[in-house]
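This report concerns only the one structure given below.
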Amino acid sequence: MTAMYATSAEVQQDLTDLCSTVGITIENTAPALLYGTATEPRVALSQLRDALAATIYRERSVRTGDEESYLTVLDAIERTTTIKIRRNLT
């Protein structure tokens, strides 16, 4: 029997790849959580939200701030993954 839905690891990899296309560097992961950095978290979050519109993922909640932003998405079977984006420390 073959799997119909992506595994959690496949979902995380897919979201990591999507993040990299909009300038978010994923530095660490945990189950259902991706920790990333970007030069401008708000701009990166906006671009990520636009990119997610063309995928199977749906937004569940969003929080934006000057230093960090959060986006929680749902996959095809309602599993949540939160992407935390912090400002690059220089």
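Note that this is a predicted model, so its numbers are computed, not measured.
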**Message:** Do Glu68 and Arg87 make a side-chain contact, defined as non-hydrogen atoms from C-beta onward lying under 4.5 Å apart?
**Reply:** no
**Request:** State, with a plain yes or no, whether a side-chain heavy atom of Thr81 is found less than 4.5 Å away from one of Leu33.
**Result:** no
**Request:** State whether Glu67 and Arg86 are salt-bridged, where the test is any N-O pair (Lys NZ or Arg NE/NH1/NH2 against Asp/Glu carboxylate O) under 4.0 Å.
**Result:** no
**Asked** Thinking salt bridges, do Arg58 and Asp75 make one under a 4.0 Å N-O criterion?
**Response** no
**Prompt:** Quick one: CD on Glu27 to CG on Asn88, what's the gap to the nearest 0.5 Å?
**Reply:** 7.0 Å
**Item:** Cluster overlap Leu52 with Ile26, hydrophobic side-chain contacts below 4.5 Å
**Value:** yes
**Asked** For Thr80 and Thr72, what are the C-alpha separation, side-chain angles and deciding distance, and is it a side-chain hydrogen bond (donor to acceptor under 3.5 Å, both in side chains)?
**Response** CA-CA 6 Å; Thr80 61; Thr72 300; over 6 Å; no
**Asked** Judged by modelled atom types alone, do Tyr57 and Asp14 share a side-chain donor-acceptor pair under 3.5 Å?
**Response** yes
**Request:** Would you name the heavy atoms of Thr64 and Ser69 that are closest together and state the gap between them?
**Result:** CA-OG, 3.6 Å
**Request:** Would you check if Tyr70 and Thr82 make a side-chain contact, meaning some heavy-atom pair closer than 4.5 Å?
**Result:** yes
**Prompt:** Do you reckon Val11 sits in the same ILVMFWY cluster as Leu18, going by side-chain contacts under 4.5 Å, direct or chained?
**Reply:** yes
**Request:** Going by the side-chain contact (heavy atoms from CB on, under 4.5 Å) test, name the single residue among Val73, Thr21, Val43, Ile83 that passes it with Leu48.
**Result:** Ile83
**Asked** Which atom names give the shortest non-hydrogen contact between Val22 and Ala44, and what distance separates them?
**Response** CG2-O, 4.2 Å
**Side chains of Thr7 and Gln12 in contact at under 4.5 Å (non-hydrogen atoms)** = no
**same_hphob_cluster(Ile77, Leu74) at 4.5 Å side-chain heavy-atom cutoff** = no
**Request:** Assess the side chains of Thr37 and Thr25: does a donor N or O sit below 3.5 Å from an acceptor N or O?
**Result:** no
**Asked** Can you name the closest pair of heavy atoms from Ile85 and Ala38 and give their distance?
**Response** CG2-CB, 3.9 Å
**Fill in**
What one should report as the nearest heavy-atom pair of Ser20 and Asp17 is OG-O, 2.7 Å
